[in-house]
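These notes concern the structure reproduced below.
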Amino acid sequence: MLAERTTRIASSPTMKGLIAAERLRKAGHDVVDISAGEPDFPTPAHVKAAAHAAIDANYTKYTANSGSSEVKQAILARYRADYGIEYEESEVIVCAGGKQALLNAALAVFGPGDEVITHMPGWPTLVEQIKLADATPVIVRTSPEDGFALRAQAFIDAFTPRTRAIVINSPANPTGALMTEDEMIRLAEACIPRGIWIILDLCYEKLIYDPVPHNLPGVLAARMRDRTVITGSASKAYAMTGWRCGWLLATRDVVAAANALQSHCTSNVCSITQKAVVAALSGPQQCVTDMLDEYRRRRDVIQALVGRDPRLRCLTPAGAFYLFVDVSDLLSPDGLRTSADFCQALLESKHVVVTAGEAFDAPGFFRISYAASIERLEEAARRIHAFVADVDAGTYARA
């Protein structure tokens with residue numbers, strides 16, 4: 001008999017496609033995998049050089065559980081430069097990726113009897129972490145008709161006397177939608193008199209395509225610093241997913257609680273990774289701009305290619321590197337009933353891996369990650385259209 005908490009959570013649904021893709025590769029098939037939420041670029045050269053230097057200098061011992069002073073100062077300097085906010089070393093902790101930063105926040109702030117609001121379509125881990133903290137998730141739904149925009153009023157309408165916190169991911173996975181500064185101001189002003197926390201997930205903060213104002217940390221730090229938690233990560237901006245480094249900025253008491261939790265879980269982030277992240281945050285940022293420009297080019301290419309069939313409807317994402325495709329026009333009771341069916345049949349028939357909208361509480365959609373080369377994206381689009389033609393003819397391979 002397992003612990004009761006294990007019955008309240010599910011494993012990550014975004015990993016299922018990767019397992020199926022590996023099965024097909026082992027069988028000798030050419031698989032086009034456009035499911036992974038992971039940059040396909042190499043980690044920038046100056047970042048890798050810093051890691052090599054750390055190894056050569058035998059920087060391979062434990063650091064402080066919360067991270068070295070050097071990496072914490074690099075994080076604080078980056079947020080000072082980007083957002084104009086001031087935090088001290090005692091108000092930041094370095095974590096094993098943005099996921100651990102968010103879990104630290106959940107376990108430090110939420111508890112039994114609390115309601116925590118987040119948004120869907122969205123990253124499923126946010127909901128599961130709320131459950132792990134023994135709190136109750138409350139879902140605010142965004143809509144394609146409104147561009148999946150994150151609106152303050154929708155969160156405010158969900159308030160109850162038990163509302164403890166709100167978790168917001170902007171730019172959002174899988175929609176690429178943003179919360180504007182004006183909407184965040186409205187939300188903050190509603191949270192302040194109620195003592196409601198805002199947890200801000202900025203995993204994709206460097207991947208915003210147009211020069212729109214998005215200083216959400218500045219908005220919150222100026223209005224409700226004592227009830228704000230900011231999380232970030234090196235993974236997406238610097239193509240450092242495997243290095244496992246994220247961070248959490250909050251008041252001293254939150255960071256102290258996160259530090260205690262982390263000390264009994266993973267302890268410090270790899271010392272070599274910390275040196276690499278210092279180079280990423282403090283060094284030249286042109287690499288970030290170059291990757292963003294290439295993502296923009298890929299976004300425009302794959303959206304145009306997929307959209308050649310008007311039944312494959314997709315909005316232009318403002319950030320991140322995902323295209324969220326509405327496939328509901330191709331579903332029917334007599335054929336492919338769900339988007340999960342569609343994605344499984346696409347995988348088995350044409351060996352294209354995408355992520356079904358069910359993973360993001362958005363049935364009727366699938367997610368394309370355009371963190372892939374133009375050539376592979378073009379091939380994926382060709383196969384998707386060939387599959388749709390098979391669906392029309394009723395000749396697709398059923399899973």
Side-chain angles (χ1 to χ4, degrees), residues 37-39 71-72 74-87 91-106 109 118-119 122-123 125-126 129 148-150 155 165-181 183-185 187-188 197-225 227-241 243-251 254-255 258 277 280-281 285 288-289 291-292 295 317-322:
E38 178 172 40
V71 73
K72 287 194 274 189
I75 293 166
L76 298 178
R78 186 78 265 150
Y79 278 74
R80 187 182 306 118
D82 290 347
Y83 300 113
I85 58 175
E86 293 286 346
Y87 281 78
E91 296 177 311
V92 60
I93 180 171
V94 186
C95 310
K99 187 176 286 190
Q100 186 179 35
L102 286 160
L103 181 59
N104 282 344
V109 175
T118 192
H119 50 93
W123 188 39
T125 291
L126 298 179
Q129 289 183 344
F148 294 110
L150 299 167
F155 292 97
I166 302 166
V167 184
I168 291 175
N169 170 222
S170 180
N173 172 14
T175 64
L178 307 177
M179 186 167 212
T180 67
E181 291 181 9
E183 293 294 331
M184 184 60 82
I185 290 170
L187 184 58
W197 292 74
I198 294 181
I199 317 298
L200 185 58
D201 174 11
L202 291 176
C203 176
Y204 299 95
E205 63 187 316
K206 295 292 186 180
L207 300 179
I208 298 175
Y209 296 105
D210 297 320
V212 296
H214 194 254
N215 190 350
L216 305 186
V219 166
L220 294 176
R223 289 166 176 80
M224 48 179 290
R225 192 181 189 279
R227 288 287 185 275
T228 295
V229 179
I230 299 167
T231 68
S233 169
S235 292
K236 314 299 186 183
Y238 300 101
M240 295 182 70
T241 51
W243 299 77
R244 304 315 302 138
C245 188
W247 45 81
L248 178 156
L249 287 79
T251 55
V254 173
V255 170
V277 170
L281 295 171
Q285 300 297 296
V288 178
T289 301
M291 284 188 276
L292 178 63
Y295 284 134
F321 43 63
Y322 307 114

message: Can you confirm whether L220 sits close enough to I230 that some side-chain heavy atom of one is under 4.5 Å from a side-chain heavy atom of the other?
response: no
field: Side chains of I199 and I166 in contact at under 4.5 Å (non-hydrogen atoms)
entry: no
- request: Would you give the length of the straight line joining atom CG of L207 to atom CG of L292, rounded to the nearest 0.5 angstrom?
  value: 6.0 Å
- request: Would you indicate whether the side-chain heavy atoms of F155 and E183 approach each other to under 4.5 Å?
  value: no
task: Give, for atom CG of L281 and atom OH of Y238, the distance between the pair rounded to the nearest 0.5 Å.
output: 5.0 Å
P171 side chain near H214 side chain, heavy-atom distance below 4.5 Å: yes
Sub-4.5 Å side-chain heavy-atom contact between V92 and L248: no
field: Interatomic spacing from CG in N104 to CD in Q129 - rounded to 0.5 Å
entry: 9.0 Å
- prompt: Is there a donor-acceptor pair under 3.5 Å between the side chain of D201 and the backbone N or O of C203?
  reply: yes
field: Shortest non-hydrogen contact from I85 toward G218
entry: CG2-CA, 3.7 Å
field: Separation between NZ of K72 and CD1 of I93, rounded to the nearest 0.5 Å
entry: 8.0 Å
field: Main-chain N/O of T241 paired with K236 side-chain donor or acceptor, under 3.5 Å
entry: no
- request: Taking all heavy atoms of M184 and all of L200, pick out the closest pair and write down the distance.
  value: CE-CD1, 4.2 Å
message: Does the plane of the ring in Y322 sit parallel, tilted or perpendicular to the ring in Y204? Use 30° and 60° as the thresholds.
response: perpendicular
message: So which atom in M240 and which in A280 form the shortest heavy-atom distance, rounded to 0.1 Å?
response: SD-CB, 4.1 Å
- request: Tell me, please, which residues at least two apart from R227 pass salt bridge (charged side-chain N to carboxylate O under 4.0 Å, His left out).
  value: none
- prompt: How far does CD1 of I208 sit from OH of Y295, to the nearest 0.5 angstrom?
  reply: 14.5 Å
statement: d(T231 OG1, L103 CG) to nearest 0.5 Å is 11.5 Å
field: D82 side chain reached by N215 side chain, heavy atoms, under 4.5 Å
entry: no
- request: Determine the minimum heavy-atom distance between P217 and L202, stating which atoms define it.
  value: CG-CD1, 3.5 Å
message: Looking at every non-hydrogen atom in both residues, tell me the closest pair between C245 and S233 and how far apart they are.
response: O-OG, 3.6 Å
- request: May I ask you to test the Y83-E205 pair for a side-chain heavy-atom distance under 4.5 Å?
  value: yes
query: Does R225 make a cation-pi contact with Y87 (under 6.0 Å, within 45 degrees of the axis)?
result: yes
query: Within the distance-only criterion (no hydrogens, no angle test), does the side chain of R78 pair as donor or acceptor with the backbone N or O of A74 below 3.5 angstrom?
result: no
field: Exercise: identify the closest heavy-atom pair between L126 and V167
entry: CD2-CG1, 3.8 Å
field: Heavy-atom check, side chain of P317 versus side chain of T175, under 4.5 Å
entry: no
